[in-house]
Amino acid sequence: MNPQRMLRQKLEDLQRAGVTQVPRELANLVTGLSQKAASEQPQSPVSSGNRVLAVSSSSKESVAAKSAASPTVVSPVAAAPPIRPERASAMSTANPPPASAATSTPRQFLPSSNGSLPQEFSAAMSGSKRPCSALVRDDRVAGLSRVAAQVAACTRCQELADTRTQTVFGVGNPEATIMYIGEAPGADEDRQGEPFVGRAGQLLDKITEACKLTREEIYICNILRCRPPGNRNPTPDEATNCREYLDAQIELVDPEYIVCWGSVAAHNLLDTKAAIGKMRGKFFDYKGIKVLCTYHPSYLLRSPGAKKDVWADMKFFRADMGVILD
Ligand code: URA
């Protein structure tokens, strides 16, 4: 485990134990480590014509607003994950963030040939305040329950509200390092009120297990919180209507990694139409979160030949977390 992450976990343990005032020396140490990690990386922007965006830890939204709509790729080179101070922002009000918060555009960092950390990424890592302002578990649970209650009463998509058995909000660890995002509930999920419980979910569980993870340590949700009739694809309007809820969940859980399962998740989260086959095998950036896009488990059920690609993606993803899979 890298020292930043270890310290951050210690800080979160302290907060869970009721210590709300973090000793300044400890906070400084974490910030110092973060800055050291950033300054030790060569500051050369990556080649290949990507845009170079300056990222300030306090104004990601404004940076995002300046950027164009192409998805952004993060270098797979090992680097301590960025510490995101905005973890606290979602809890500063009783309501989830406004829909406008969803308009952020992901940054693109192509894998750098010399293994260096792109400048934009190191900039995002420095000046971190996250360990001092991290939400405690209870705040996240309370925030998520509030949003879940809003979702349960939601009628923004009249057809979905009229046909659903219930909404399917999301499940899992409110402090998860990893968030899975799927497409929309199917018949089984609509019946049980939980994402990924049908055949695709069972395959997802197997993949998760093979990755040396458990379902309980991940947070799982979808682009939509209602089942589209006949399992049709979500319409753009439906995805837009539900986006506020998704962004609230992302802000509250504040994962370090998101896995987008399938093109609906990838396209909607990252606001792109790129083919999923071209998106897989690398990280994108969404508000400082590393995003991996890969094939949907339902696709794997239809096309088992693609399992090897998903496995390659999972190995790449877990290696970035320091876990080497066979
Ligand atoms: N497929 C999804 O994308 N999500 C679910 O929750 C179930 C199946």
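Order of appearance sets the numbers: ligands from 1, and atoms from 1 within every ligand.
Counting atoms of ligand 1 from 1 in the listed order, those under 4.0 Å from a heavy atom of H296 are 1 (N), 2 (C), 3 (O). Taking a cut-off of under 4.0 Å to the non-hydrogen atoms of P195, the atoms of ligand 1 that pass are 6 (O).
Distances from atom 5 (C) of ligand 1 to the heavy atoms of G182, G170, A184, A187 show the closest one on A184.
Distance from atom 4 (N) of ligand 1 to its nearest protein heavy atom, with residue and atom name: N222 OD1, 2.8 Å.
Distances between N or O atoms of E183 and those of ligand 1 include at least one value under 3.5 Å. Taking any N or O of E189, backbone or side chain, none lies under 3.5 Å from an N or O belonging to ligand 1. At least one N/O-N/O distance between F196 and ligand 1 falls below 3.5 Å.
The closest side-chain donor-acceptor pair between Y180 and T208 falls under 3.5 angstrom. For the residue pair D188 / Q192, no side-chain donor-acceptor distance below 3.5 Å is found, with atom types taken as modelled. No side-chain donor-acceptor contact under 3.5 Å links Y286 and D271.
Within 6.0 Å of atom CD in E217, more than 12 heavy atoms from other residues, nucleotides or ligands are found, so the atom counts as buried in its surroundings.
Ligand 1 does not have E194 within reach: every non-hydrogen atom of the residue lies 4.0 Å or more from it.
Taking the six-membered ring for Trp and the full ring otherwise, F283 and Y257 have centroids separated by under 6.0 Å.
Between H296 and F196, the ring planes lie tilted relative to each other; the angle falls in the 30° to 60° range.
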